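First the structure, in the form of structure tokens, and then the observations on it.
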Amino acid sequence: MDMHFKLLHMYKLLILLSCLIITLSCSKENFDVANLNGNEISAFGHGGMGTRSTYPINTYESLMKCLNFGSDGTELDIQMTKDSVLIAFHDIDLSESTNISGLVNSLNWSEIKNAHYTDPLYTSYSIISLDQFFSNVINLHEYDFTFDCKINSGNDDPIIYNTKYTNAISQIINKFNLTKNVYIESQSEDFLRLLQQKNSNYKLFIYPNSFNSGLEIATRMNLFGITISTDIVNKKQIEIAHNNNLFVAIWGISSKGANSDGIKKNPDFIQSDKIKNLVDLLD
Amino acid sequence: MKLFLTILLLSFYSISKAQEDSLSIKKNSIYIEILGVGGYGSVNFEREILKIKKIKIGTRLGITTYNLTDFTTKFNPDLIIPISINAQYGNKHNLEISLGQVISFIVETNPNTYTPERTTNIHPNLTVGYRYQKTKGGFIFRINYSPIIEFYQDYKHWGGISFGYAF
């Protein structure tokens, strides 16, 4: 009888603990978002699934999985090959993460397209061009994309290089009718100015080293917004940007806690390395 | 490769017979390897098939994955299967050397259709390291250097640490 009582007691305790765990795991944080983006934060992947994923960032696998997880879109690192093909790739030299070497702008697309990433072991994920990527996204216009334009002119004349680069961006945006769906960010004022001259409807973001310099440049150039690391911007500064009619995208969000902290700063866009969690939090 | 697989399968088959003869020696072990030939980590089963004084010969079969779902988010796991034959020298403190292959089944993108496609490849490897394991079983610790010839093309320096149990 005593044994039976003990078992019953343990059983009740187990049920109680299970309920507690389920309740805690299901509880959701509520966020009061106030921003320029219709009081909603758009969830973007960082190069797709982010740097913590087993997929290398900017690969088709990483970008597509991010979109298929229900994100609003994704950020991509953009570079231009010698023959003016735009590719999604982060590093300056291909040898940093692939089985070939050389600067992206020193090689033609035909020399790059058969390369593969060297990590993780046993995989051979390919480098993808923007044309290939956009050609294969179903319901393309349901998503937004941020182009993080990496500018490495190498030995080329910077003016000629920037002109070719901005022409290539315009062409890809026009080809896929993506003017409304693309945000373009760069650290170079000259580059952004060229794009602004091409099309005043482009949504251009300065990518500054500090909030104050970003605010100054974005206001002076009448840009769409500021892209900035979450480490160097706070809620008050984002509010100042909003008061100046500037959208704010934050990056450097690499954990679930950082997703939550990022949301509390009220940005318009978050580029996260934990995109699934961000989508769940904002859902 | 076929010969290697045949030897390995025969080894696993013969072990059940061998164990019946010497129940006092713990011939099975399971361990988790951090990094190692599985890539980021793997779960492994090992079986000792031969013991001559301080030399022990064993076989290993492991499994691990990178992603359980493919980029369309459908269940379609990558599978990475390390198999090897190893030799140990020692009693409690062992020098361990092994030769093996990793069979990888990775889901990537078909370059023509842009749909998920499983690719199968084989990657030989060598392991040299230290292994703590008592003859009577119990706790196992391994630390090793395990270079891999990925796709039979690229030599990669690699290594791993394992914790497990012999029984």
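These numbers were taken from a predicted model, which means no experiment stands behind them. Residue numbering restarts at 1 for every chain, and letters A, B, ... go by the order of the sequence lines.
Between the side chains of Lys65(A) and Thr69(B), at least one donor N or O sits under 3.5 Å from an acceptor N or O. Judged by distance alone, the side chains of Thr72(B) and Asn68(A) never bring a donor and an acceptor atom under 3.5 Å apart. Using modelled atom types and a 3.5 Å distance limit, the side chains of Glu108(B) and Tyr60(A) yield no donor-acceptor pair.
In this structure, Tyr55(A) and Asn67(B) have side chains that are in contact, with non-hydrogen atoms separated by less than 4.5 Å. A 4.5 Å side-chain heavy-atom check between Tyr114(B) and Met64(A) finds every atom pair outside the cut-off.
Residue Ile92(A) places its CD1 atom among 12 or fewer non-hydrogen atoms of other residues, nucleotides or ligands, all under 6.0 Å distant. In Tyr89(B), the OH atom is not crowded: 12 or fewer heavy atoms of neighbouring residues, nucleotides or ligands sit closer than 6.0 Å. Counting non-hydrogen atoms of neighbouring residues, nucleotides and ligands closer than 6.0 angstrom, the CD atom of Glu40(A) reaches no more than 12 such neighbours. Shown here is Lys82(A), whose NZ atom has no more than 12 heavy atoms of other residues, nucleotides or ligands within 6.0 Å. Enclosure of atom NZ in Lys150(A) by more than 12 non-hydrogen atoms of other residues, nucleotides or ligands within 6.0 angstrom is indicated. Heavy-atom neighbours of Lys74(B) NZ from other residues, nucleotides or ligands within 6.0 Å: at or below the threshold of 12. Atom CG of Leu178(A) has more than 12 neighbouring heavy atoms from other residues, nucleotides or ligands inside a 6.0 Å radius.
When heavy atoms are compared at a cutoff of 4.5 Å, Val107(B) approaches chain A solely by way of its backbone atoms N, CA, C and O. For Thr118(A), the parts lying near chain B are the backbone and the side chain together; criterion is any non-hydrogen pair under 4.5 Å. Residue Thr59(A) does not touch chain B at all, counting heavy-atom pairs closer than 4.5 Å. The contact between Tyr66(B) and chain A is made by backbone and side chain atoms together, counting heavy-atom distances below 4.5 Å.
Shortest non-hydrogen contact noted between Thr123(A) and Glu150(B) is N-OE2, 3.9 Å. Residues Tyr125(A) and Asp78(B) come closest through the heavy atom pair OH-OD2, 4.4 Å.
The most heavy-atom pairs under 4.5 Å with chain B, out of Leu67(A), Asn99(A), Leu121(A), come from Leu121(A). Your options are Ile80(B), Asp70(B), Asp154(B), Asn121(B), and the one with the most heavy-atom pairs under 4.5 Å with chain A is Asp70(B). In terms of non-hydrogen atom pairs under 4.5 Å with chain B, the most contact-rich of Glu61(A), Gln132(A), Met49(A) is Glu61(A).
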- Go through the steps to decide whether Tyr122(A) and Thr119(B) satisfy the test side chain to side chain contact (heavy atoms under 4.5 Å, CB included), and finish with yes or no. CA-CA 10 Å; Tyr122(A) 315 130; Thr119(B) 58; over 6 Å; no
